[in-house]
Structure formats: structure tokens, C-alpha cells
Amino acid sequence: MKLSKRIAVLAIISATGLFAAGLSNVNILVEKINNTKDMKVKEQLMQKLDTELGTMDRKDLPEAQKIISTKLTKVEAPKK
């Protein structure tokens with residue numbers, strides 16, 4: 001019984017750490033997007049950011065969107 005309680009506590013602590021890491025991952029991805037010049041790499045990073053937002057807990061989404069809206073620089077598509 002004690003072992004199962006310890007495993008449950010460790011699982012809860014791990015899950016909490018993952019959600020906190022989600023916001024830091026968003027921040028890191030935004031910084032990488034802002035710092036890269038290669039459009040293909042930017043596109044890949046934007047896809048990773050989209051995936052990160054899709055897997056994030058709903059309570060963390062407003063904070064993540066705030067990070068994106070304040071830190072992500074807008075890039076215009078090249079004209080053909």
C-alpha cells in the first residue's frame with residue numbers, strides 16, 4: 001500500500017513539472033523563432049509551437065498566448 005501511494009505522489013509531481021515546463025518550452029520556442037533567419041526552420045519551429053499549444057493544459061493556455069502575443073515578432077511573407 002505504501003509503495004502505491006509513493007508512486008501516485010511521484011506521478012502527480014511529474015505531471016505538475018511537465019505543465020510548468022510547457023510554458024518554458026513556449027518561451028524557448030518563441031525566442032528561437034525570433035532569432036532564426038531561415039524560413040524553413042521558422043516554419044518547423046512554428047509547427048512545434050502549435051503542437052506544444054495543442055498538448056498544453058487549458059489553464060496554461062492564456063499565459064502561453066500572452067507570451068506569444070508579446071514576444072513573437074511578426075514576419076511578412078516574401079512577395080512573389
Side-chain angles (χ1 to χ4, degrees):
M1 186 67 176
K2 288 183 180 183
L3 181 61
S4 63
K5 285 184 181 181
R6 288 183 183 175
I7 291 173
V9 169
L10 287 174
I12 291 170
I13 291 171
S14 298
T16 305
L18 287 174
F19 291 126
L23 286 176
S24 66
N25 286 346
V26 168
N27 199 20
I28 290 168
L29 284 170
V30 167
E31 291 297 321
K32 285 182 180 180
I33 292 167
N34 286 339
N35 292 329
T36 188
K37 303 290 184 207
D38 187 5
M39 290 306 287
K40 286 185 180 184
V41 174
K42 275 190 187 213
E43 186 177 324
Q44 291 171 348
L45 290 171
M46 291 293 286
Q47 289 174 352
K48 284 183 184 179
L49 181 61
D50 187 47
T51 303
E52 186 71 33
L53 292 174
T55 60
M56 189 173 284
D57 192 38
R58 282 188 170 190
K59 68 181 178 89
D60 293 330
L61 277 176
E63 185 67 28
Q65 290 172 341
K66 183 178 176 184
I67 290 170
I68 292 169
S69 66
T70 57
K71 293 187 176 183
L72 187 64
T73 57
K74 307 276 190 248
V75 177
E76 291 183 22
K79 295 181 181 180
K80 293 183 179 181

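Numbering starts at 1 and runs along the sequence shown. What you see below is based on every heavy atom in this structure, not just the backbone, and it leaves out hydrogens, waters and symmetry mates.
Every residue two or more places apart in sequence or in another chain that forms a side chain to side chain contact (heavy atoms under 4.5 Å, CB included) with Glu31 is listed here: Asn27, Asn35, Lys71. With sequence neighbours excluded, the residues forming a side chain to side chain contact (heavy atoms under 4.5 Å, CB included) with Asp38 are Thr36, Lys40, Val41, listed by chain and number. Listed by chain and residue number, Lys32 satisfy the side chain to side chain contact (heavy atoms under 4.5 Å, CB included) test with Ile28 (two or more places apart in sequence, or in another chain).
Annotation: side chain of Leu49 is not in contact with side chain of Leu45 (no heavy-atom distance under 4.5 Å).
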Just list the side-chain donor-acceptor pairs under 3.5 Å for residues 61-69, sequence neighbours left out, or say none.
unit_1: Ser69; atom_1: OG; unit_2: Gln65; atom_2: O; d: 3.2
unit_1: Ser69; atom_1: OG; unit_2: Lys66; atom_2: O; d: 3.1

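The structure places OG1 of Thr51 at 7.5 Å from CD of Gln47, a figure rounded to the nearest 0.5 Å. Within the model, atoms NZ of Lys48 and CD of Glu52 stand 10.5 Å from one another, a figure rounded to the nearest 0.5 Å.
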